[in-house]
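Just so you know, these numbers use all the heavy atoms, side chains as well, and skip hydrogens, waters and symmetry mates. So that the names make sense, note that chain A is the first sequence line, chain B the second, and so on, each numbered from 1.
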Amino acid sequence: MNVRKVTKIIMLMEEKWPKPVTELNYSSPFELLLATILSAQSTDKQVNKVTKRLFKKYNQPGDFAEMKKDELAQEINSIGLYRNKSKFIIESSQLILKDFKGKVPDTRKELMRLPGVGRKTANVILASAFQKNAIAVDTHVFRVANRLGLVKTDKVVEVEKQLMNIIPEEKWSDLHHWLIFLGRRICKARNPHCNKCFLQDYCEYYNSSK
DNA sequence: AACTCGGGGCA
DNA sequence: TGCCCAGAGTT
């Protein structure tokens, strides 16, 4: 992967999306944690509807810590995996109060102690809530980075490492949002809209499948 | 590495 | 009507 090509791709993305692109709405690290847990394997339209309604009533760890799992499950049952998510949110809230003085922790190691928080979610919190330099590799980032040819690997952690090697540190946070956004809108898993893509000239997948 | 959770949106 | 979705935990 040569530097000029990477630089050009970043430039084009920056031009296309000058402001950070995210469809998760949140106004605190804790709300971002909730929104991210809720978003797992669910579409943003469903999740945004639920989070908006939820945050009007509850948006602090203390609001969830003593809630019954069935009670919260009922609040969020219009999205999938709602029993798991209810459990994750309540147990994470309890741990945040117990071990982290009521604040969402800002290290990956601590974040990953929270139930429902894996490496991907931890990196989202680090990058977006705490302005730390992390790249969250979800299915979209994984697929798009491979298709563009930014990385060549079938392992998630390797994608993260390789991206960190070729992308300037100050762009890491933006990059993971761009790749996710691109993956969802254009570079879809099946039937990607290559004809609408502004990165055609720099995409290995497009240029090898013609 | 495979399996499970899961309702709603969309073709 | 069937397929898929801003993953993580368990086995």
Mind checking the [atom1] distance from [N] to [M]? Whole angstroms is fine.
| N | M | atom1 | result |
| --- | --- | --- | --- |
| B/dG6 | C/dG2 | C1' | 15 Å |
| C/dA8 | B/dG9 | P | 24 Å |
| C/dA6 | B/dC3 | P | 23 Å |

May I have the distance from [X] (atom [atom1]) to [N] (atom [atom2]), rounded to whole angstrom?
| X | N | atom1 | atom2 | result |
| --- | --- | --- | --- | --- |
| A/F181 | C/dA6 | CZ | C1' | 12 Å |
| A/E23 | C/dC5 | CD | P | 15 Å |
| A/K69 | B/dC5 | NZ | P | 17 Å |
| A/E75 | B/dG7 | CD | C1' | 16 Å |
| A/R83 | C/dG7 | CZ | P | 20 Å |
| A/I79 | C/dA8 | CD1 | P | 14 Å |
| A/H140 | C/dC5 | NE2 | P | 7 Å |
| A/K85 | C/dG7 | NZ | C1' | 9 Å |

Is the shortest side-chain N/O distance from [X] to OP1 or OP2 of [N] below 4.0 Å?
| X | N | answer |
| --- | --- | --- |
| A/Q46 | B/dG8 | no |
| A/R190 | C/dC3 | no |
| A/Y82 | B/dG7 | yes |

> Side chains of A/K85 and A/S42: do they bring a donor and an acceptor to under 3.5 Å?
Replying inline: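 Side chains of A/K85 and A/S42: pair found under 3.5 Å.
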> Just by distance, with hydrogens left out, do A/N25 and A/T51 show a side-chain donor and acceptor under 3.5 Å apart?
Replying inline: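 Per modelled atom types, A/N25 and A/T51 side chains form a pair under 3.5 Å.
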> Do the side chains of A/C197 and A/Y206 get nearer than 4.5 Å, heavy atoms only?
Replying inline: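 Side chain of A/Y206 against side chain of A/C197, heavy atoms only: no contact under 4.5 Å found.
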>> Contact between A/L72 and A/Y82 at the side-chain level, heavy atoms closer than 4.5 Å - yes or no?
In response: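 When only atoms from C-beta onward are counted, A/Y82 and A/L72 do not touch, as no gap falls below 4.5 Å.
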> side-chain contact (heavy atoms from CB on, under 4.5 Å) between A/L199 and A/M13: does it pass, once the steps are laid out?
Replying inline: CA-CA 9 Å; A/L199 295 175; A/M13 292 212 189; 3.6 Å; yes
>> Heavy-atom nearest nucleotide on DNA chain B for A/Q41 versus A/K49: which residue maps closer to 5'?
In response: A/Q41
> Is a side-chain donor or acceptor of A/R143 paired with a backbone partner of A/G183 at a separation under 3.5 angstrom?
Replying inline: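 Confirmed, A/R143 side chain pairs with A/G183 backbone.
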>> So A/K45, base contact, sugar-phosphate only, or nothing? Heavy-atom distance under 4.0 Å.
In response: sugar-phosphate
> Does the B/dG6 base have a donor-acceptor partner in the side chain of A/S42 within less than 3.5 Å?
Replying inline: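 Checked by distance alone, the answer is yes.
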>> Let's test your reading of the model: under 3.5 Å, does the base of C/dA6 pair with the side chain of A/T139 as donor and acceptor?
In response: no
> Are A/E75 and A/K56 within salt-bridge range, i.e. N to O under 4.0 Å?
Replying inline: no
> Would A/E158 and A/K152 pass as an ion pair if we require N to O under 4.0 Å?
Replying inline: no
>> If you take any heavy atom closer than 4.0 Å to DNA chain C, which residues from residues 104-130 of chain A end up in contact?
In response: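 Under 4.0 Å from DNA chain C: A/L114, A/P115, A/G116, A/V117, A/G118, A/K120, A/T121.
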